[in-house]
Amino acid sequence: MSMEARKVHVGAVGLSQLPKKMKRPREEVGSHQLTAFQPTPSRRQHQNARQQLPIWRQKTYVVETVRRHASVVLVGETGSGKSTQVPQFLLDAGFCAGIVEAQGSTPSPIRARKLIACTQPRRVAAITVAGRVAEEMGCALGQAVGYAVRFDDKTGPRTVIKYMTDGVLLREAMTDPLLTRYAVIILDEAHERSLQTDILFGLIRRAQRERKDLRVVVMSATLDVEVFRRFFETGGRKEEKALIKRHGENGKHEKGMLSREGQASTVGVVRIEGRQYGVEVYYCEEAQEDSIDAACLAVLQIHESEPLPGDILVFLSGQEDIEALAELLSESAGTDTSIGKTGLCMEICPLYSALAPEEQAKAFHPPKGPAKSTRKVILATNIAETSVTINGIRHVVDTGWVKVRRYVPSTGLDSLKVTQIARAQAQQRTGRAGREAPGKCYRLFTESAFERLDAVPQPEIQRVNLTQVVLQLLAMGLDDPQHFDYLSPPSATALARAFETLLALGCIAEGGLSPGGNVDGTRIVIPEKDDRQAVEAQADQKPSGPAKSRPVITPHGRRVASLPLDPVYAHFVLRASELGCIFEALTAVSMLSAENVLYMPSPHGGPDAAEQRNRATTAHRALAAYDGDVPTLVHIYERWVAAKKGNRWCWDHFVNARAMKKADEVREQLLLLVRRLGLDPSQSCGNERQIFLRSLAAGLFLNVARRQPATSPALGKYCYKMLANGREAAIHPSSVLHARNPAPQCVVFTEVLTTSRPYIRGVSIVDPADLQELVPQFFGRA
DNA sequence: GTTAGGGTT
């Protein structure tokens with residue numbers, strides 16, 4: 001069934017126009033309440049269910065294609081069963097009995113069992129899919145089927161199918177770049193183009209040149225397979241043309257060299273249909289000026305005209321818009337007043353990552369009111385696009401906006417901007433209405449606007465700071481990360497900036513670049529060219545003059561790379577160890593890796609919401625440390641430990657217990673890793689907070705900012721000038737140093753993010769004299 | 001005077 005079964009135009013959203021053209025759902029299929037009390041299905045029932053999946057009919061074809069091609073692209077829509085079935089098909093077909101090539105003096109090949117890896121961008125997906133497959137195979141998790149995600153490895157000596165996050169496989173690649181444990185690597189959700197998946201693409205292609213036995217299956221929901229196919233094409237254009245000549249443009253599938261498309265190819269392509277209900281897509285006839293107003297009208301119209309069951313999911317750009325729409329809807333509908341002819345109530349459920357877990361839970365549970373007369377309206381960010389699935393949704397309202405974080409390498413600043421979604425995202429959002437029954441999707445933009453959208457979002461690798469990626473590649477022994485096999489190359493500027501940072505941190509040496517930045521804010525200027533062209537131009541350049549010496553990873557760089565942290569943070573931990581407070585530094589970086597530690601109750605949390613928010617603010621102020629945000633995080637962790645890591649303490653102080661648990665897990669992992677480096681993680685500075693601040697200065701010296709009169713009135717009278725790029729920023733209002741009197745003269749920050757304006761966050765006071773003493777190469781007196 | 005979403009041997 002096609003997801004976009006029909007396209008129906010509706011007028012600019014207006015009360016009179018939408019309902020008239022809407023149709024009743026064709027049929028009621030499935031219900032989200034059915035699954036709860038079902039007994040555990042037997043093996044036979046599983047077998048029946050498997051045979052109903054669209055992919056089952058293609059089992060032989062999938063297996064044969066993987067047999068004949070080292071690389072296969074498998075396109076399967078939602079519900080095709082690809083994630084659970086493909087690994088089982090390949091296991092049944094004997095792909096795990098890999099052959100270890102003869103090594104050294106060993107005369108003959110040794111048969112050995114290798115694994116099938118299936119990577120996922122998200123932990124929950126790896127865990128739940130593995131659980132499902134273990135059930136289907138009638139084994140316990142950790143036996144034939146297992147999973148590995150950070151902090152949680154459920155694999156054993158007998159495991160042959162291993163679900164894992166792409167990050168875990170990437171970490172494994174650091175010690176085993178040829179991925180020798182695996183016979184087949186399946187990259188699932190490849191269309192999402194996560195940073196880790198993209199790096200794996202290049203690594204696997206590289207490994208395939210050495211290992212003829214390594215199979216890769218790229219699984220994607222995107223119909224455009226060309227980009228993946230071309231990437232894994234081993235022979236390149238020349239070989240391709242020769243094959244076409246030999247077999248003809250429309251030659252049959254012959255000797256495994258022709259794909260189903262009839263193109264000469266070393267890459268096999270399989271397409272599997274999905275199993276989704278049809279979703280009718282509605283567009284606006286006119287562009288909407290205010291997407292919150294438009295969303296409000298659309299929700300009210302759907303609510304008044306559509307029967308239950310059928311909850312509504314609205315996609316918005318962020319917390320602010322969600323709160324505004326929640327307010328508008330409750331004003332218009334009344335929180336528990338029935339409205340319209342249908343006499344139904346509305347229950348509004350905000351859903352975004354920073355929301356307290358117990359408030360998030362409302363979106364997933366049945367409504368508090370009677371199910372027969374209460375409709376849930378979920379107001380979500382893109383968290384509901386891929387990360388979570390909500391049952392019962394039959395109507396999607398899509399504003400077409402999303403917030404996108406983007407690193408600007410020429411300035412070293414991150415920006416967070418409201419941006420139009422891509423067509424693939426719009427389709428993904430639409431699909432959320434058709435999981436259980438036919439549904440409807442209302443796009444609050446015009447069809448021509450839809451057609452003008454980008455086809456797919458920009459891959460993450462082109463939007464992020466690459467310092468950690470470049471260091472990882474160097475640590476793996478790739479001596480030239482600029483010319484790595486990127487599926488989508490990052491800009492030359494972004495790569496150059498990463499090298500510059502690594503050089504400044506002492507992670508690499510003898511590069512063609514000199515150290516970047518000094519106290520005066522003067523720095524090497526890297527001409528900003530447009531992304532891809534720059535890389536291609538560089539690649540095409542014939543070497544002229546003496547070759548530049550390539551940067552080499554230093555012993556310090558290897559230690560930094562061994563920690564699963566941003567190199568700046570890892571450097572901080574190692575410097576803190578030299579200065580006597582690694583214990584506190586480990587706490588700091590662990591807390592920094594857990595987001596949304598402090599939480600604010602939703603303003604719509606009932607009659608005492610305002611009071612709760614005041615209490616939260618007071619509680620948070622009581623946790624603040626004088627010296628800044630990083631000392632505050634350390635303080636919070638220590639208080640939490642003193643309170644025996646209790647949930648009650650979290651509750652009383654408006655601290656997110658889940659974030660604390662995550663920080664604790666990260667900390668435990670880091671303790672192990674620094675011990676492996678021969679360091680003593682219990683080395684603490686005790687009450688001598690100056691030692692910790694000195695470590696912060698020494699570690700975060702690339703992020704120093706000094707207070708000075710603002711050159712632009714937009715930042716107020718004073719601002720903080722960042723020494724690395726000479727730009728001005730303000731201290732973020734959430735910082736404990738915001739509006740501090742007297743204002744600190746010299747600070748380090750953990751993050752700079754441009755939203756309404758450039759803000760530095762994670763701000764702590766440092767002493768300029770410490771910088772001069774501890775980082776003399778940058779801050780020493782001339 | 002305020003922060004989309006993931007993720008790491």
Side-chain angles (χ1 to χ4, degrees), chain A residues 119-126 148-153 155 164-177 181 189 192-200 315-323 351-355 380-388 399 401-406 414-419 421 425 428 457 460 463-464 468-469 471-472 475-476 561-567 569-570 589-590 593-600 617 620 662 665-666 669-670 672-673 676-677 715-716 730-735 738-739 751-757 759-762:
Chain A
T119 69
Q120 300 290 329
R122 281 168 294 279
R123 295 165 55 91
V124 270
V149 299
R150 192 181 189 182
F151 315 128
D152 192 5
D153 186 344
T155 61
M164 60 210 299
T165 47
D166 42 21
V168 166
L169 185 58
L170 193 54
R171 269 286 151 184
E172 284 187 10
M174 283 189 69
T175 46
D176 179 18
R181 294 181 62 198
E189 312 287 4
E192 289 189 23
R193 303 294 305 275
S194 82
L195 177 64
Q196 288 84 357
T197 309
D198 264 26
I199 301 296
L200 285 170
F315 283 101
L316 296 135
S317 69
Q319 180 177 349
E320 197 182 346
D321 283 9
I322 287 171
E323 283 171 4
L351 184 63
Y352 49 89
S353 174
L355 197 67
T381 59
N382 50 343
I383 191 173
E385 223 171 79
T386 51
S387 306
V388 298
T399 60
W401 295 106
V402 66
K403 272 188 190 162
V404 176
R405 190 175 178 138
R406 200 164 200 278
D414 262 332
S415 75
L416 191 60
K417 265 197 190 138
V418 177
T419 311
I421 57 172
Q425 275 175 294
Q428 176 72 24
E460 192 180 8
R463 298 188 286 112
V464 297
Q468 197 177 2
V469 166
L471 185 62
Q472 271 177 347
M476 277 179 224
S562 75
L563 300 175
L565 294 170
D566 183 295
Y569 289 169
V589 297
S590 304
S593 74
E595 275 168 42
N596 311 315
V597 170
L598 302 176
Y599 82 83
M600 189 55 76
T617 308
H620 292 167
K662 196 202 157 186
E665 285 174 327
V666 173
Q669 186 187 27
L670 292 175
L672 255 162
L673 294 172
R676 241 178 254 174
L677 291 177
L715 289 172
I731 293 181
H732 194 272
S734 65
S735 169
H738 178 74
E751 184 181 36
V752 49
L753 186 66
T754 304
T755 50
S756 54
R757 61 196 218 192
Y759 282 116
I760 50 176
R761 308 202 299 190

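Letters A, B, ... are given to chains in the order of the sequence lines, protein chains preceding strands, and every chain is numbered from 1. Only heavy atoms go into these numbers, but all of them, side chains included; no hydrogens, no water, no symmetry mates. These numbers were taken from a predicted model, which means no experiment stands behind them.
Only one option out of A:E192, A:E460, A:R193 pairs with A:D198 in a side chain to side chain contact (heavy atoms under 4.5 Å, CB included); it is A:R193.
When the nearest nucleotides of DNA chain B are assigned to A:Q669 and A:S734 by heavy-atom distance, the more 5′-ward of the two goes with A:S734. Both A:H738 and A:L195 lie close to DNA chain B; mapped to their nearest nucleotides by heavy-atom distance, the more 5′-ward contact belongs to A:H738.
Checking B:dT8, B:dG5, B:dT2 against the side-chain heavy atoms of A:I383 singles out B:dG5 as nearest. Considering only side-chain atoms of A:V168, the nucleotide from B:dT2, B:dG5, B:dT9 that sits closest is B:dT9. Nearest to the side chain of A:V149, among B:dT9, B:dG5, B:dT8, sits B:dT8.
Applying the 3.5 Å distance criterion, the base of B:dT3 shares a donor-acceptor pair with the side chain of A:R761.
Residue A:T165 places no side-chain N or O under 4.0 Å from the OP1 or OP2 atom of B:dG7.
Protein atom CG of A:D166 is 15 Å distant from nucleotide atom C1' of B:dT9, rounded to whole Å. Rounded to whole angstrom, the span from the CD atom of A:E189 across to the P atom of B:dG7 amounts to 13 Å. A straight line from CG of A:L416 to P of B:dG6 spans 14 Å, rounded to a whole angstrom. In this structure, A:L563 places its CG atom 11 Å from P of B:dT9, rounding to the nearest Å. When rounded to the nearest whole Å, the span between CD1 of A:I760 and C1' of B:dG1 equals 15 Å. Here B:dT3 presents its C1' atom at 18 Å from OH of A:Y599, a figure rounded to the nearest Å.
In this model, no donor atom of one side chain and acceptor atom of the other lie less than 3.5 Å apart for A:E665 and A:Q669.
Using a 4.0 Å heavy-atom cutoff across all strands shown, A:L753 reaches no nucleic acid atom at all. Within 4.0 Å of A:E385, counting heavy atoms only, lies no atom of the nucleic acid at all.
Side-chain contact between A:V418 and A:D321 is absent, with no heavy-atom pair separated by less than 4.5 Å. Put simply, the side chain of A:M600 reaches to within 4.5 Å of the side chain of A:T617, judged on heavy atoms. A:V666 is listed as a side-chain neighbour of A:R150, based on a closest heavy-atom distance under 4.5 Å.
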